[in-house]
Amino acid sequence: MYWTSRGAKLYFSVQGQGLPVLCLPPFPFNHAFYSRQSALVDAARLILVDYPGTGRSAEAREVSLELLAQDVTALLDALGLDRVVTLGVSLGGYVALALCALAPQRVMGLVLADTRSEADPPEAVLQRAQTAEELKQKGAGVLKERVSRLFGATTHREQPELVRAAQALVEREHAQGLAQLSLAMGQRPDRSALLASIRCPTLVLCGAEDTVTPPAGMEQLAAAVPGAVFRQIPRAGHLAAQEQPEAFNQAVRNFLQRMSLHGA
């Protein structure tokens with residue numbers, strides 16, 4: 001299915017029943033990243049999206065985190081949803097925080113996984129721009145090694161096929177769309193000051209082997225959000241939702257159950 005935002009058609013799918021959960025994927029993946037969260041369909045109405053220029057949203061264009069938040073707000077309007085639980089992994093977490101800044105009343109609950117609130121330092125901004133140029137010139141295959149580094153040591157040792165499958169998925173992506181997302185990540189603002197103003201129930205998850213956004217930093221993020229709960233996912237790196245889906249899904253399921261008990 002498609003919705004229209006800023007004059008472009010963007011892809012989404014809906015599966016399951018229960019509390020609506022907007023699932024925002026990490027870079028450089030599309031909605032298929034959340035295939036291992038299908039076990040939650042008995043507890044959640046999963047809303048899966050493709051960012052502009054990725055997956056089935058093939059039209060690449062200039063984006064920012066604020067514009068991506070506008071895109072998902074337009075989707076909520078199209079679905080007639082006033083409020084959703086917003087789940088974001090990595091880049092998805094940046095978009096989730098941008099949505100909290102743009103329209104906090106639309107976020108009834110928040111799950112931030114393997115992400116951060118800070119802006120990129122100058123050297124990382126430069127690297128994002130270089131990645132964008134490489135994507136434009138050489139295609140999505142240039143991200144193969146980067147995708148490998150997102151997985152934890154346990155996954156490389158025990159599930160190497162998962163790493164290969166993720167690399168193959170990314171190699172089929174639209175390089176121009178990924179380039180725009182890379183630039184957008186480099187230009188995102190610091191959201192650290194926003195954290196203290198978040199009033200919805202919040203769950204913060206981090207792979208215990210995440211070297212991109214390590215657990216210590218994510219625990220600090222959780223401490224800055226009033227009432228937030230922090231959980232580590234053992235034996236997982238930056239993509240805990242894929243690496244250890246049972247533990248990840250159970251943490252999300254417990255969170256949704258607590259929200260339901262409190263009348264969300």
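The first residue in the sequence is number 1, and the count goes up from there.
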Task: Steps toward side chain to side chain contact (heavy atoms under 4.5 Å, CB included) verdict (Phe12, Ser57) - done: CA-CA 9 Å; Phe12 75 98; Ser57 299; over 6 Å; no

- [ ] Go through the steps for Phe33 and Val89 under the test side chain to side chain contact (heavy atoms under 4.5 Å, CB included), then give the verdict.
- [x] CA-CA 10 Å; Phe33 173 83; Val89 174; 4.1 Å; yes

Task: From CA spacing to verdict: side chain to side chain contact (heavy atoms under 4.5 Å, CB included), Arg146, Arg149 - done: CA-CA 5 Å; Arg146 173 174 176 157; Arg149 293 196 299 269; 4.0 Å; yes

Open item on the list: Walk me through whether Leu239 and Val147 qualify under side chain to side chain contact (heavy atoms under 4.5 Å, CB included).
Closed with: CA-CA 10 Å; Leu239 303 179; Val147 169; 5.5 Å; no

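Atom CG of Leu48 sits about 4.0 Å away from atom OG of Ser13, to the nearest 0.5 Å. Remark: Asn254 CG to Arg231 CZ distance equals 8.5 Å, nearest 0.5 Å. Put simply, CG on Leu99 and CG on Asp71 are 11.0 Å apart, with the number rounded to the nearest 0.5 Å. From Thr54, atom OG1 reaches atom CG of Leu181 across 6.5 Å, with rounding to the nearest 0.5 Å. Put simply, CG on Asp120 and CZ on Arg128 are 4.0 Å apart, with the number rounded to the nearest 0.5 Å. Distance check, rounded to the nearest 0.5 Å: CZ of Arg235 to CZ of Arg157 gives 7.0 Å.
A donor-acceptor contact shorter than 3.5 Å links the side chain of Arg253 to the backbone of Ala39. Remark: side-chain polar atoms of Tyr94 are not paired, donor with acceptor, to backbone N or O of Pro189 under 3.5 angstrom. Proximity of a side-chain donor or acceptor of Arg45 to a complementary backbone N or O of Gly16 within less than 3.5 Å is not detected. Not a single donor-acceptor pair under 3.5 Å links the side chain of Ser182 to the backbone N or O of Leu178. Using modelled atom types, one side-chain atom of Gln37 and one backbone atom of Ala241 make a donor-acceptor pair closer than 3.5 Å. Without hydrogens or angle criteria, Gln180 side chain to Gly53 main chain gives no donor-acceptor distance under 3.5 Å. Looking only at distances, a side-chain donor or acceptor of Thr202 sits under 3.5 Å from a matching main-chain atom of Cys200. Listed for the Gln159 side chain is a donor-acceptor partner under 3.5 Å among the backbone atoms of Glu243. Remark: side-chain polar atoms of Gln167 are paired, donor with acceptor, to backbone N or O of Lys144 under 3.5 angstrom. With hydrogens and angles ignored, the 3.5 Å screen pairs a side-chain donor or acceptor of Glu173 with a backbone N or O of Gly55.
Annotation for Tyr11 and Met1: closest pair CD1-O, 3.2 Å, computed over non-hydrogen atoms. When all heavy atoms of Phe248 and Ala113 are compared, the pair lying nearest together is CE1-CB, 3.8 Å. Shortest non-hydrogen contact noted between Pro226 and Ala224 is CD-O, 3.6 Å. Closest heavy-atom contact between Trp3 and Ala78: CB-CB, 4.4 Å. Between Leu65 and Arg188, the closest heavy-atom pair is CD2-CB, 3.7 Å. Shown here for Phe230 and Cys206, the closest heavy-atom pair between the two residues is CE1-CB, 4.0 Å.
By the 6.0 Å contact criterion, CD on Glu145 is enclosed, its count of non-hydrogen atoms from other residues, nucleotides or ligands being greater than 12. Within a 6.0 Å radius of NZ in Lys136, other residues, nucleotides and ligands contribute more than 12 heavy atoms.
Both Val142 and Met185 are part of a single hydrophobic cluster, where members link through side-chain heavy atoms under 4.5 Å apart. Under the 4.5 Å side-chain contact rule for hydrophobic residues, Tyr2 and Leu46 do not share a cluster. Both Val170 and Val212 sit in one connected hydrophobic cluster of ILVMFWY residues. Membership requires side-chain heavy atoms under 4.5 Å apart, directly or through other members. One hydrophobic cluster, built from ILVMFWY side chains closer than 4.5 Å, cannot hold both Val49 and Leu67; they sit in different ones. Val125 and Val63 are members of different hydrophobic clusters when ILVMFWY side chains are connected at heavy-atom separations under 4.5 Å.
Inter-residue side-chain proximity for Leu68 and Pro52 is flagged as met; some heavy-atom pair is nearer than 4.5 Å. For the pair Leu75/Leu81, no side-chain contact is recorded, criterion being any heavy-atom separation below 4.5 Å from C-beta on. Leu87 has its side chain within reach of Val252: a pair of non-hydrogen atoms, C-beta onward, lies under 4.5 Å apart. For the pair Leu221 and Ser192, the minimum side-chain heavy-atom distance is 4.5 Å or more. When side chains are defined from C-beta on, Val84 does not count as touching Leu79, because their heavy atoms never get closer than 4.5 Å. Side-chain atoms of Asp114 and Leu150, non-hydrogen and from C-beta on, never get closer than 4.5 Å to each other. Val229 is not listed as a side-chain neighbour of Phe255, based on a closest heavy-atom distance of 4.5 Å or more. Under the 4.5 Å side-chain criterion, counting only non-hydrogen atoms from C-beta, Glu123 is not in contact with Leu126.
Residue pairs meeting the ring-ring contact (aromatic ring centres under 6.0 Å, His included) criterion with at least one member in residues 138-195: none, sequence neighbours excluded.
Scanning for side chain to side chain donor-acceptor pair (under 3.5 Å) contacts around Gln187 gives an empty result, with sequence neighbours left out. Judged as a salt bridge (charged side-chain N to carboxylate O under 4.0 Å, His left out), and not counting sequence neighbours, the contacts of Glu66 are Arg191.
Between the side chains of Thr115 and Thr213, no donor-acceptor pair is found at a separation under 3.5 Å. For the 3.5 Å distance criterion, the side chains of Asp50 and His31 qualify, holding a donor opposite an acceptor.
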